[in-house]
K.L.:
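Before I ask anything, here is the structure I am working with.
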There are 2 protein chains.
Amino acid sequence: METSTTQTIEQQTKITLPRELVSTPVLLLMRLGFEVKARAIAELGEEGFTPYHFGVLAMLEEGECETQATIADTLALDRSQLVGLLDSLEERELIERRRDSHDRRRQAVSLTPAGKRVLGRLRTIIGGIEEEFFVPLSAEEREELYRLLLRLAQHHDPRCPPPS
Amino acid sequence: METSTTQTIEQQTKITLPRELVSTPVLLLMRLGFEVKARAIAELGEEGFTPYHFGVLAMLEEGECETQATIADTLALDRSQLVGLLDSLEERELIERRRDSHDRRRQAVSLTPAGKRVLGRLRTIIGGIEEEFFVPLSAEEREELYRLLLRLAQHHDPRCPPPS
DNA sequence: TATTGTTATACTCTATAACTATA
DNA sequence: TATAGTTATAGAGTATAACAATA
């Protein structure tokens, strides 16, 4: 039988977060969001990509030939920030830029077949993080969590696509 | 009568996120974590504080007179980063540093009464964000979300305090 | 020699502003 | 004059390294 009264020595010296910092969903959301983002940055980074790259590729697959301004506005990036992002994708021939003949200021951006393949690869990486990160939850709990988070996102971000 | 064949002008110009970016809990977690963190930074910032300040003050209230190394390790901050953080709190007389007489390398950090009051104020701000952010969820849903997030945090962060 | 707190340095991100070419 | 894309610049934030005092 255990004889410890309150805490073992390990627990006393063990580092534990202040209770308050895990006492509310806001703080947990900040913490977990940061953690999962860090993983995404690390794992995508191993292949030379960032979450931004994933966002751009995913957007191009759904709506082909977007203009740079549209992409930037949709993903809430600064237009100047997008330039370098697209440069790095174009160098690797994952996207193409071609001038709009009707308005030569504009560039239509589109996904190449190689870009589509890379998107699949990045998708797999994200999926792997998902499997790893949500392992303590059952499929039903995962689904429930997703529903709740989606409701929050739809409420706070007008850019969220309509259901279905 | 409208003559557009496929889409109305509003739909063409309306910005909506790619579906894939809201199709999975990982991506939503990243997005919402970022959003809620941005709010915390903004609202705490109005009073001259950051989420880090809140973390430090909360920790000091639960365990008085921690050493700087302990604080840094617990909150996963670099020790050099903590210095400036404590400086800014000490200037405002919200914390005190005093040398450990047994080991003069160490500084024991403690909360002043003013610091305790400020902690209460920051707590209120965080509470306000919580109310605002989770408004689309019922009390039960909020509780359910909290339970799920806490399970994830406990699984992925060994520093999480044991239940109750 | 190792550790605590501190200071100094460098590097990444992001935000802003200026510039060009087209309209 | 205004807009799309680009480039340049500056600032915040963070990570790393060197340092002084003490053990």
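All chains are named by letter (A, B, ...) in the order of the sequence lines, taking the proteins before the strands, and each is independently numbered beginning at 1.
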K.L.:
Using the 3.5 Å cut-off, write out each protein N or O paired with an N or O of nucleotides 16-23 of chain C and the distance between them.
P.N.:
unit_1, atom_1, unit_2, atom_2, d
C:dT16, O4, A:Ser80, OG, 3.0
C:dA23, OP1, A:Arg104, N, 3.0

K.L.:
Check the distance between D:dA12's P and B:Lys37's NZ and give it to me in whole angstrom.
P.N.:
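Distance, rounded to whole Å: 17 Å.
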K.L.:
Step by step, work out the side chain to side chain donor-acceptor pair (under 3.5 Å) result for A:Arg106 and A:Gln68.
P.N.:
CA-CA 8 Å; A:Arg106 297 189 175 177; A:Gln68 290 189 204; over 6 Å; no
K.L.:
Could you go through A:Thr112 and A:Glu93, starting from their C-alpha distance and side-chain angles, then the distance that decides it, and tell me whether this counts as side chain to side chain donor-acceptor pair (under 3.5 Å)?
P.N.:
CA-CA 7 Å; A:Thr112 66; A:Glu93 301 184 346; over 6 Å; no
K.L.:
Can you check the B:Gln68 CD to D:dT22 P distance for me, whole Å?
P.N.:
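After rounding, the reported distance stands at 15 Å.
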K.L.:
Please list residues of residues 87-97 of chain B whose heavy atoms come under 4.0 Å from any atom in DNA chain D, ordered by number; otherwise none.
P.N.:
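Of all residues in residues 87-97 of chain B, none places a heavy atom under 4.0 Å from DNA chain D.
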K.L.:
Show me the pairs that pass side chain to side chain donor-acceptor pair (under 3.5 Å) and involve residues 117-127 of chain B, at least two apart or across chains.
P.N.:
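Of all non-adjacent pairs touching residues 117-127 of chain B, those that pass side chain to side chain donor-acceptor pair (under 3.5 Å) are A:Glu20-B:Arg123, B:Glu47-B:Arg121, B:Glu61-B:Arg123.
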K.L.:
Do A:Arg151 and A:Tyr146 meet the cation-pi criteria used here (NZ or CZ under 6.0 Å from the six-membered ring centre, within 45° of the axis)?
P.N.:
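The answer is no, since A:Arg151 fails at least one limit relative to A:Tyr146.
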K.L.:
Which whole-number value in Å describes the distance from A:Leu82 CG to C:dC13 P?
P.N.:
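After rounding, the gap between these two atoms is 16 Å.
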K.L.:
Round to the nearest Å and state the distance from A:Arg106 atom CZ to D:dA2 atom P.
P.N.:
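After rounding, the gap between these two atoms is 17 Å.
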K.L.:
Nearest whole angstrom, please: distance from the C1' of D:dA4 to the CG of A:Asp73.
P.N.:
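Atom CG in A:Asp73 sits about 11 Å away from atom C1' in D:dA4.
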K.L.:
With salt bridge (Lys or Arg N to Asp or Glu O under 4.0 Å) as the criterion, how do A:Arg39 and A:Glu35 come out once you've worked through the C-alpha distance, each side chain's angles and the decisive distance to 0.1 Å?
P.N.:
CA-CA 6 Å; A:Arg39 290 187 189 208; A:Glu35 169 64 23; 2.8 Å; yes
K.L.:
How long is the line joining CD of A:Glu66 and P of D:dG5, in whole Å?
P.N.:
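Those two atoms, CD and P, are 11 Å apart.
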K.L.:
Within the supplied structure, the quantity of interest is the number of heavy atoms (other residues, nucleotides, ligands) at a distance under 6.0 Å from B:Arg98 CZ; does it exceed 12?
P.N.:
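Counting other residues, nucleotides and ligands, CZ of B:Arg98 stays at 12 neighbours or fewer.
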K.L.:
With distance as the sole test, does B:Arg19 use its side chain to make a donor-acceptor pair with the main-chain N or O of A:Pro162 at under 3.5 Å?
P.N.:
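Judged by distance alone, yes, a pair lies under 3.5 Å.
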K.L.:
Any chance CZ of A:Arg104 has more than 12 other-residue heavy atoms, nucleotides or ligands included, within less than 6.0 Å?
P.N.:
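Not buried by this count: 12 neighbours or fewer within 6.0 Å.
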K.L.:
Give one of base, sugar-phosphate or nothing for B:Arg79, where a contact means two heavy atoms less than 4.0 Å apart.
P.N.:
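Touches a base.
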K.L.:
Can you tell me how far C1' of D:dA4 sits from CG of A:Leu86, to the nearest Å?
P.N.:
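In whole Å, D:dA4 C1' lies 13 Å from A:Leu86 CG.
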K.L.:
From CG of B:Leu44 over to P of D:dG13, roughly how many Å is that when rounded to an integer?
P.N.:
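Answer to the nearest Å: 13 Å.
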K.L.:
Check for me whether B:Arg92 meets the cation-pi criterion with B:Phe49, that is, NZ or CZ under 6.0 Å from the six-membered ring centre and within 45 degrees of the ring axis.
P.N.:
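Positive - B:Arg92 is close enough to the ring of B:Phe49 and near enough to its axis.
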